[in-house]
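Read through the structure below, which is laid out as structure tokens, and then see the notes.
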There are 2 protein chains.
Amino acid sequence: MPSGSAARKPTAEPLVVLEEFLPYRLNVLAGLTSSALAQIYAERYGLSIPAWRVIVTLGQYEFRTARDMAPDGVMHKSTVSRAVSALEKRGLVTRRPNLDDRREEWLALTPEGRAIYEAVAPEALAVGERLLSVLTAQEQKTLSTLIDKLTQQARLLAPQDAEGEET
Amino acid sequence: MPSGSAARKPTAEPLVVLEEFLPYRLNVLAGLTSSALAQIYAERYGLSIPAWRVIVTLGQYEFRTARDMAPDGVMHKSTVSRAVSALEKRGLVTRRPNLDDRREEWLALTPEGRAIYEAVAPEALAVGERLLSVLTAQEQKTLSTLIDKLTQQARLLAPQDAEGEET
DNA sequence: CAAATCTAGTTGCTCGTGCAACGAATCTGG
DNA sequence: CCAGATTCGTTGCACGAGCAACTAGATTTG
């Protein structure tokens, strides 16, 4: 147990107790789940988090533009751009210019890309479910609601749209 | 409205729906709250996330070693090391060798460091509370429980101890 | 239809941070 | 009491990602 030395005497007035601070706890949890997931898509398939998100989105929607990948400002557009380039270079994604608006391009999975998607997705899902397995069905529904409420509120408090992390 | 093009037709069998995937949602939420907080301690006080954590911990415990800053593997030790160096250079933190074990050093806030702590902490707390303000007291308790359960479980699924993000 | 404005996407730069290798101090076992 | 293993902390390296500036194309306005 590494926290054997943990019981150091607290200051007179600890204004913030980190371990109870919601943003901190959310980040720790998010980081841990990211690590768990990364084991799969990173170590096993060489995918970065942005790449994983691109693949999942394309697996979900068939055709999308790069901009669609960052629906609400999650992921910077440069991040998406580089992820797509990398995936294209690996032959997992194709670009096809949109003739109606030649600024953007339609992205799609190649057969190889889809193969990876079909291999990774179930494993990722399994991790998600193993995570949730410690909650009852009712708790899972509650959690979902709470996350939505908080996310909505956080969006109001965050700068404008900024952000960009993992999973 | 950027999502005007959102209703792209889904694939036959979307294996994973990203917007419903717990790890993804957790990361988005954590990222947004981080951004909200960063507005304060980064833009206003020039503190990185690790630096902020160090300051809060020292504000909480008076004396700590660098290792204590990463209780469970949150934050890499190199991250802590660099954060502490930076804080020392700014005169916010002091190091004093531990004579009982000269591998480690006792860290503490300088008066300047404490002043910053006392300025930042309430603001950060306020953000946390504004976040939570959309939840009832009961919901807040529930959330806390759920986060704990999930964190515990995530720790089992994550590699060994790996991790390292924001707040 | 020209000028100004806006949007999609790319790229150079920089910085934060994880990793791995290392140095120093400590602890353990023969 | 010495040799190997372990732990605290630092540092070189590389890479991922945000920012800002830019190109190219589209849209608006007068």
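Lettering of chains follows the sequences in order, A, B, ..., and the numbering in each one begins at 1. The shown structure was predicted, so the numbers you read here are calculated from the model rather than taken from an experiment.
Cation-pi geometry between A:Arg53 and B:Phe21 is not met: the NZ or CZ atom fails to fall both under 6.0 Å from the ring centre and inside 45° of the normal.
Atom NZ of A:Lys89 and atom C1' of C:dT10 are 12 Å apart (whole Å). In this structure, the CZ atom of A:Arg102 is 12 Å from the P atom of D:dT27, given to the nearest Å. Rounded to whole Å, the distance from CG on A:Leu87 to C1' on C:dT10 is 16 Å. The distance from atom CG of A:Asn98 to atom C1' of C:dG9 is 13 Å, rounded to the nearest whole Å. If you measure from atom CE of A:Met75 to atom P of C:dT10, you get 13 Å, rounded to the nearest angstrom. Between the CE atom of A:Met69 and the C1' atom of C:dA8 there is a distance of 13 Å, given to the nearest Å. Here the P atom of nucleotide C:dG18 and the CD1 atom of B:Ile49 are 10 Å apart, to the nearest Å. D:dG16 atom C1' lies 15 Å from atom CG of A:Leu47, rounded to whole Å.
There is a path of hydrophobic side-chain contacts, each under 4.5 Å, that joins A:Trp52 to A:Leu125.
Distance alone, capped at 3.5 Å, places no donor-acceptor pair between the A:Ser81 side chain and the A:Lys77 backbone.
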*Sugar-phosphate means primed atoms, P, OP1 and OP2; the rest is base. With that split, encode nucleotides 9-15 of chain D 5' to 3' as B, S or - using protein heavy atoms under 4.0 Å.*
BBBB---

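The side-chain contact (heavy atoms from CB on, under 4.5 Å) check on B:Glu88 picks up B:Arg95, with sequence neighbours excluded.
Side chains of B:Gln138 and B:Thr136: no donor on one and acceptor on the other come within 3.5 Å. A donor-acceptor contact closer than 3.5 angstrom links the side chains of A:Thr65 and A:Asp68.
Close to D:dG16, at under 4.0 Å from its OP1 or OP2, lies no side-chain N or O of A:Thr79.
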